[in-house]
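Worksheet for the structure shown next.
Chain letters run A, B, ... following the sequence lines, proteins first, then strands; residues in each count from 1. Fair warning: this is a prediction, and the values are worked out from it, not measured in the lab.
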Number of protein chains: 2
Amino acid sequence: MLRYAMARTDERFRSAYNRLLDICSDMEVGDQLPAETALADRMDVSRTIVRSALQKLDSDKLIRWEGRSKMLIRKPQAEHRLVPAESALSAEELEHSFFEWILRFDVPAGTSLNVAQLSRQFGVPVHNLQEFLAGLSRLGLVERRPRGGWSLLGFTSEFAIELSEFRMLLELNAVRQLLTLPADHEIWNRLKVLRREHEDLKSVIAERYHDFSLLDEKFHSAINSVVRNRFVLEAQKLIKLIFNYHYMWDKRDELERNAAAIDEHLEWIDAMLERDSERSEAAAIKHLRRSKETLLQSLRVHKFA
Amino acid sequence: MLRYAMARTDERFRSAYNRLLDICSDMEVGDQLPAETALADRMDVSRTIVRSALQKLDSDKLIRWEGRSKMLIRKPQAEHRLVPAESALSAEELEHSFFEWILRFDVPAGTSLNVAQLSRQFGVPVHNLQEFLAGLSRLGLVERRPRGGWSLLGFTSEFAIELSEFRMLLELNAVRQLLTLPADHEIWNRLKVLRREHEDLKSVIAERYHDFSLLDEKFHSAINSVVRNRFVLEAQKLIKLIFNYHYMWDKRDELERNAAAIDEHLEWIDAMLERDSERSEAAAIKHLRRSKETLLQSLRVHKFA
DNA sequence: ATATTGAGTTTAATAATTAAAAACATATGA
DNA sequence: TCATATGTTTTTAATTATTAAACTCAATAT
């Protein structure tokens, strides 16, 4: 059966066929296979797939299929298995590849993006890229060009400033909400654990300063976790994305920056543990302002590198 | 030249051809048409289009085209014009139609959306809908289903609550920023004008209560205008969308609601004009809380209507 | 009767096709 | 001669066509 054009992959068929081989392996020659519906249920595919798989088993002389009789003629061997088509990147992996590309190569704002080329570059169907870029356009990171194609918008200094300010808005709100939580809320314990982890890392910062970025994310996630709001969450996803990628590529003064950040975090944690809202906000603002400056500097350095 | 399949509309060709007819009409029989590049520049299309249009003019015996000689043989008549294909909805119109449909028919959360059907319903190419839904998925309004298709998520009570809380977060931030602005900033004048407009509408509210929704939007836009941040702006676009559509369809107690809202706005404006931050925030919170309740009630009423 | 099958229909994703643009090569006339 | 126009080819991207997969329901066998 030679196919000329395959409008969509038959990956579902392939994996179902292989699972059907497994089922046959567990049976004896001469046994009857279950009903089409039973197989479909068991393998979580439609009967259409089950029937095409049975057809192939029949034409490969592994079963004799006549009406509702599906008798195993011989046991399947390794060579009968179909090779699964390598699956494309998932939506998340695409996002990762895309941002890594942007930041690693400092792709400038205004760059025109074309789906066909990106599709080859990332090994992802054009369709997925269309969808991905359409999503980014809602976040204001890319823009549709008048007659086809997309244009990269973000990653200018203005972008970084506005993102940082938005981050500050969200995190200060989180801090305010956090301070209203009762003493038996799990956040207080989490903060105490985080405090200890910060102290631990501080004592070995000279060697282990690389470990800070993980702790940083853990800390900010904890703060933000008290806000249960899908819009805030969605915004934080973007913020995490951008800040993380920048930290990943900006290695200047990493030890000094991280050591200073640990102290800022500690002051912030202490203020919250003492339920001192004024001091907490001040500490938060101080840390977030410095974060913003770091992001901005990293952008500047990359621009003239 | 019979065409079997047209992969994309030749609307650009049609309008260019018609404009070329206009150019011919302004010429005398025997005159020479300008060069291809000149025509392309003048009509803002590629030479490819100019050349296909010239080809049609030639085969329709309106010009004789040989090399760089393009002589007008006879003047074009009305019947020569090509009828332009009716253009599909723009992205904004699609958004409008989509939300109107959702809210007018109270499409419940969890409804499965399929692009083919929506494409027929809204008269928009499937492609555009894919893109539109991909954008909404970034806003958390729809979700891709495991094996194709989309699923409507939003418009539950939780959605409304979270949206309202997010709105409050953003608007309180705007108020705080607004109160730090210097006395000669244009916002103060805008607020004074708005105050007057509220008073005016209040005096004729019994007859003109419908006019409030416009004033409401104007007021909130003014407040938010002091925040120059693309993320905040993007979020406000969504908020405006949802709140506006709800007001549009929820007509219960409209007079009472709007009269009360005007008073709340006035108290809020006065507090800001007096630079009283505590009173301003209190007024804002009061108004935004009531707005939230209204949105929630409107959802409940529609659900059981 | 009831579960199962066969056939036909519908849906949705991707490949193929085509309009349009851009790039490149060649020719022409001031 | 050289700037400009034309002819040709290549690339890009939007839409249609096609196909895999799912669904539906009447017919059939146990």
When you get a sec, tell me which of D:dT6, C:dT5, C:dA19 is the closest nucleotide to the side chain of B:Asp10?
C:dA19

So which nucleotide from C:dA13, D:dT6, D:dT30 ends up closest to the side chain of B:Gln130?
C:dA13

Remember a base hit wins even if backbone is also touched, and classify A:Arg12 as base, sugar-phosphate or nothing at under 4.0 Å, heavy atoms.
sugar-phosphate

May I ask you to verify whether the side chain of A:Arg68 and the base of C:dT4 hold a donor-acceptor pair under 3.5 Å?
yes

Any B:Gln117 side-chain N or O less than 4.0 Å from OP1/OP2 of C:dA12:
no

Of the nucleotides D:dG7, C:dA12, C:dA20, which one has an atom closest to the side chain of B:Trp65?
D:dG7

Between B:Phe231 and A:Phe166, what is the ring plane arrangement, given parallel below 30°, perpendicular above 60°, and tilted in between?
parallel

Reckon A:Glu131 touches a base, only the sugar-phosphate, or nothing at all at heavy-atom distances under 4.0 Å?
nothing

Not counting sequence neighbours, which residues clear salt bridge (charged side-chain N to carboxylate O under 4.0 Å, His left out) with B:Lys56? List them please.
B:Asp60

Geometric cation-pi criterion A:Arg167 and A:Phe243, 6.0 Å radius, 45° cone:
yes

My understanding is that only residues two or more places apart in sequence, or in another chain, count here; which of them pass side-chain contact (heavy atoms from CB on, under 4.5 Å) with B:Asn114?
B:Ala116, B:Gln117

Any residue in residues 40-62 of chain A with a heavy atom nearer than 4.0 angstrom to DNA chain D? Just list them by number, or reply none.
A:Ser46, A:Arg47, A:Thr48, A:Ile49

